[in-house]
Amino acid sequence: MEFLDYPVLKFIWWLLLGVLLIGFAIMDGQDMGVGALLPFVGRSDNERRVIINTVGPHWDGNQVWFITGGGAIFAAWPYAYATAFSGFYWAMMAVLWALFFRPVGFDYRSKINNPQWRSSWDWLLFVGSFVPPLIFGVAFGNLLLGVPFHFDDDLRSFYTGTFWGLLNPFSLLCGVVSAAMIIFHGAIYLALRTEDVVRERALRASTIALIVVVVTFSLAGIWINMGIDGYTMVAGSYLPAAAPDPLNKQVITSVGSWMKNFQQYPLLLLIPVLAYVGFILAWLLAKNGKNFVAFWSSALGLAGVIGTAGVAMFPFIMPSSTDLRSSLTVWDASSSEFTLTVMLVAAIVFVPIVLFYTGWCYRVMRGKVTGEHIRKNDHSAY
């Protein structure tokens, strides 16, 4: 791919990693949203089994997006991977501990016909589904604020913050945005896959989640524009085609700088508009029984929220609050040109295969999950 120079490859991988993150939010977000709603939408054991069986055949396949995203960050942005996993170590461990409950819960929840046993696993599935998106949102909030780390002259990273320092008001607000949009997406998916009282409760939950998403997303945008120092690289202090060197640039901060890309390219404002339109349209469509279109409209809403954060930060990946020049960007924290080229070839070959297989699985196992289906297939259903 000689026609793709180094800066173009860096930008392509910024886009592809965004696509992986959006894919994770859409695919794994639906079963996390369903799991977070499980104890509240399902009132009886049969109803909860209906809910679990809407995602039971797919949840583990959806985890591929999470694993692939982590692997891609490791290969494309090694400095960001190493620094983030050092600084956010306990937060990432909390995500993993929460995720442990999902495979065990799905597999063992219905093995014993005991109300206390099953209720305990229902709440553990809730924890495993609610905590990860909450923490991911908190992490994004801290990225927008700047992370307390720096590099020495040998490019060794040092994190100087604490776990509790991550739990600041703005980051917690971002965590609420993340959790609410995933719950909304899960509720829309339940409306697509269930009937009668479970569907009605899912729609009521989607109404509450929609209000929370719209209000908190708006508040976060106002806060970013009026009260948070955004980051800007000084023109001429960096070379997009240069080899990785996070210290070879100058960075300044000022309130409202995270809105610079939207001001410079007004068409980008369509991305946050997409978030509002996608979620509101999904709710209206689901209320009117257009469940399949509603699901994909909700997916567009997720893409709008994630895309808004990505565009606001570009080209920054992980800003530093303690040493501005240590901030990691697309231009100075990417892997070598050869690495990015090999990864791109692999992505061109394998991503379509994954998408085709995933689509085929959903097509084969499409349709409504009902209480009658659970009773007739008691030994094969979750």
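Reckoned from all heavy atoms, side chains included, excluding hydrogens, waters and symmetry mates.
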Hphob cluster co-occupancy, [X] + [Y], side-chain heavy atoms under 4.5 angstrom:
X      : Y      : value
Phe88  : Phe85  : yes
Val342 : Ile348 : no
Val311 : Leu144 : yes
Leu355 : Leu20  : yes
Ile228 : Leu143 : yes

I'd like to know whether [atom1] of [X] has more than 12 heavy-atom contacts from other residues, nucleotides or ligands below 6.0 angstrom.
X      : atom1 : answer
Asp153 : CG    : no
Lys111 : NZ    : no
Phe292 : CZ    : no

Using modelled atom types only, decide if a donor and an acceptor are shared between the side chain of [X] and the backbone of [Y] within a distance under 3.5 Å.
X      : Y      : value
Arg199 : Ala191 : yes
Lys249 : Thr329 : no
Ser119 : Pro115 : no
Ser129 : Gly33  : no
Asn114 : Gln116 : yes
Ser218 : Val214 : yes
Asn142 : Val138 : yes
Arg325 : Gln250 : no
Thr160 : Pro148 : yes
Asp28  : Phe24  : no

Decide yes or no for [X] and [Y]: does some side-chain heavy atom of the first lie under 4.5 Å from some side-chain heavy atom of the second?
X      : Y      : value
Arg366 : Arg193 : no
Pro315 : Met233 : yes
Lys368 : Asn291 : yes
Leu145 : Ser171 : yes
Val251 : Phe316 : yes
Ile12  : Leu344 : yes
Ser326 : Leu247 : yes
Trp77  : Ser335 : no

Is the [X]-[Y] ring centre distance short of 6.0 angstrom?
X      : Y      : answer
Tyr108 : Phe106 : no
Tyr159 : Phe149 : no
Trp258 : Tyr231 : yes
Tyr189 : Trp296 : no
Phe279 : Phe217 : no

Other cluster members, [X] - Ile/Leu/Val/Met/Phe/Trp/Tyr, side-chain contacts below 4.5 Å:
X      : result
Val255 : none
Ile222 : Met226
Val19  : none

Would you name the heavy atoms of [X] and [Y] that are closest together and state the gap between them?
X      : Y      : result
Leu340 : Ser334 : CD1-CB, 4.3 Å
His185 : Ser298 : ND1-OG, 2.8 Å
Ala202 : Leu190 : CB-CB, 3.8 Å
Pro39  : Asp122 : CG-O, 4.0 Å
Trp223 : Pro169 : CH2-CB, 3.8 Å
Thr339 : Ser336 : OG1-OG, 2.9 Å

Yes or no on side-chain hydrogen bond (donor to acceptor under 3.5 Å, both in side chains) for Asn113 and Asp45, after CA distance, side-chain angles and deciding distance?
-> CA-CA 10 Å; Asn113 190 10; Asp45 179 66; over 6 Å; no
With [X], which residues qualify under ring-ring contact (aromatic ring centres under 6.0 Å, His included), at least two apart?
X      : value
Phe74  : Tyr81
Trp90  : none
Phe350 : none

Side chain to side chain contact (heavy atoms under 4.5 Å, CB included) between Trp13 and Met343, worked out = CA-CA 9 Å; Trp13 271 103; Met343 289 173 61; 3.3 Å; yes
Establish, yes or no, whether the cationic atom of Lys260 lies under 6.0 Å from the six-membered ring centre of Phe262 and within 45° of the ring axis.
-> no
For the atom pair OH (Tyr6) and CG (Leu239), what is the distance rounded to the nearest 0.5 Å?
-> 12.0 Å
Salt-bridged, Asp107 to Arg102, with N to O below 4.0 Å?
-> no
Run through Val198, Leu125, Val369 and flag the one making a side-chain contact (heavy atoms from CB on, under 4.5 Å) with Ile51.
-> Val198
Evaluate the side-chain hydrogen bond (donor to acceptor under 3.5 Å, both in side chains) criterion for residues Ser86 and Thr83: first the C-alpha distance (whole Å), next the side-chain angles of each, then the deciding distance (0.1 Å), finally the verdict.
-> CA-CA 5 Å; Ser86 296; Thr83 305; over 6 Å; no
Would you please classify the geometry between the Phe126 ring and the Phe130 ring as parallel, tilted or perpendicular, with 30° and 60° separating the classes?
-> parallel
Between Glu337 and Lys10, does a salt bridge (charged side-chain N to carboxylate O under 4.0 Å, His left out) hold up when you go through it step by step?
-> CA-CA 8 Å; Glu337 184 174 2; Lys10 292 177 180 180; over 6 Å; no
